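These notes concern the structure reproduced below.
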Amino acid sequence: MTEWDVKKLRILRTLRDRGTVTATADALLMTPSAVSQQLSNLAKQLGVPLLEAQGRRVRLTDAAHLVLRHAEAVFAQLERADAELTGYLRGEAGEVRIAAFATAVPALVVPAVQRLRAEDRPGPDIRVREAEAGQAYELLAAGEVDVALSLAAHAPTARDPRFAVLPLLAEPLDVALPAGHRLAGAPGLRLADLSAEPWIFGGSGPWSEITTAACEAAGFVPEQAHSASGWTAILAMVEADMGVALIPRMASAERQARDGVVMRVLDADRPRRHVVAAVRQGAERGPAVARVLAALRTVAEPFSSP
């Protein structure tokens, strides 16, 4: 197998760019004789002539140009590796593993990954795992993920010394009404106006608790007509005029796909669910994790606006 010497290939490339052995030597802080010796050794290693005389100067042979065409790909890859290694040494690169609940993956995590990839400097390699709160915090404690996204109600308490819990988003909850509902276009809609409506929400778990708490804060206990845990199923039932539901802003893809559903912002009540990011205590100060958290905060911000 042919032996490729990167250092000597750089000398050959510099000679191509500078035109003379003397200029090459000056650029590389070498002597002209050292440049000539290195290129002679490279020609022997590759088994092809690289230089030929042209008057008092030398020029690259066709074989030398062929070698450099392939070498350019090597140089480019080495530049990328050097940039990533520099970022790693500064703590900006490496791997960051994220566990997040289902709605947060397309709404927060994927846009954050895209944002990091679009930056000019090398970024961390992101690994994503969908997981509900209980599993996410088990993975975080075991060191199998580095960041866990969950609802605040299911995050570890401040007394748990293992984790640092960081606020990420206070996400408004909008009410989904059938397009033909009598209150679909009513001004100043309040949750209390829907106290007599059949409601659709999960039979247990966080969404049941959030819907119940929001309605109770508005002065009534919601009558649960149907139970579902996925936004696609909930919105399909709303569209079919089977009831009304509270929907988080992050469930935007499912919302936009339903022409028969009207989404109303509840300015008077302002029900919200709080989303947090948790890391192992102290990890939030690591540059790679900090960059991921900053990207998550940036993509989360628009969900807080009407």
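For reference, positions follow the sequence shown, starting with 1. The model shown is predicted, which means the values in this text are computed figures rather than measured ones.
- Counting only distance, with no hydrogens or angles, the side chain of Ser195 and the backbone of Ala192 share a donor-acceptor pair below 3.5 Å.
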Inset, instruction - Start with the C-alpha distance between Asp146 and Arg127, add both sets of side-chain angles, then the distance that settles side chain to side chain contact (heavy atoms under 4.5 Å, CB included), and finish with yes or no. - result: CA-CA 10 Å; Asp146 305 297; Arg127 295 284 183 266; over 6 Å; no

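- By the 4.5 Å side-chain criterion applied to Ile, Leu, Val, Met, Phe, Trp and Tyr, Val165 is assigned to a cluster that also includes Tyr137, Leu139, Leu140, Val145, Phe163, Val276.
- Here the CG-CD distance, from Leu177 to Glu239, works out to 13.0 Å after rounding to the nearest 0.5 Å.
- Distance check: Thr103 OG1 to Leu149 CG gives 11.5 Å after rounding to the nearest 0.5 Å.
- Listed by first and then second residue, the side-chain hydrogen bond (donor to acceptor under 3.5 Å, both in side chains) pairs involving residues 57-72 are Arg13-Glu72, Arg16-Glu72, Glu52-Arg59 (not counting sequence neighbours).
- Across all non-hydrogen atoms, the minimal contact from Val21 to Ser36 is CG1-OG, 3.9 Å.
- Between Pro124 and Val289 the shortest side-chain heavy-atom distance does not fall below 4.5 Å.
- Cluster membership for Val262 and Leu183, using ILVMFWY side-chain heavy atoms within less than 4.5 angstrom, is not shared.
- Minimum heavy-atom separation, Ala25 to Pro32: CB-N, 3.6 Å.
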Inset, instruction - Determine, stepwise, if the pair Leu246 / Asp174 fulfils side chain to side chain contact (heavy atoms under 4.5 Å, CB included). - result: CA-CA 6 Å; Leu246 285 176; Asp174 301 325; over 6 Å; no

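- Residues Met250 and Glu171 form a side-chain contact, since some pair of their non-hydrogen atoms from C-beta on lies under 4.5 Å apart.
- The local environment of CZ in Arg115 is sparse, with at most 12 non-hydrogen atoms from other residues, nucleotides or ligands closer than 6.0 Å.
- Other residues, nucleotides and ligands contribute more than 12 heavy atoms inside 6.0 Å of the CZ atom of Arg272.
- Heavy-atom neighbours of Arg280 CZ from other residues, nucleotides or ligands within 6.0 Å: above the threshold of 12.
- Without hydrogens or angle criteria, Glu301 side chain to Val299 main chain gives no donor-acceptor distance under 3.5 Å.
- If you take CD1 on Ile126 and CZ on Arg97, they are separated by 11.5 Å, rounding to the nearest 0.5 Å.
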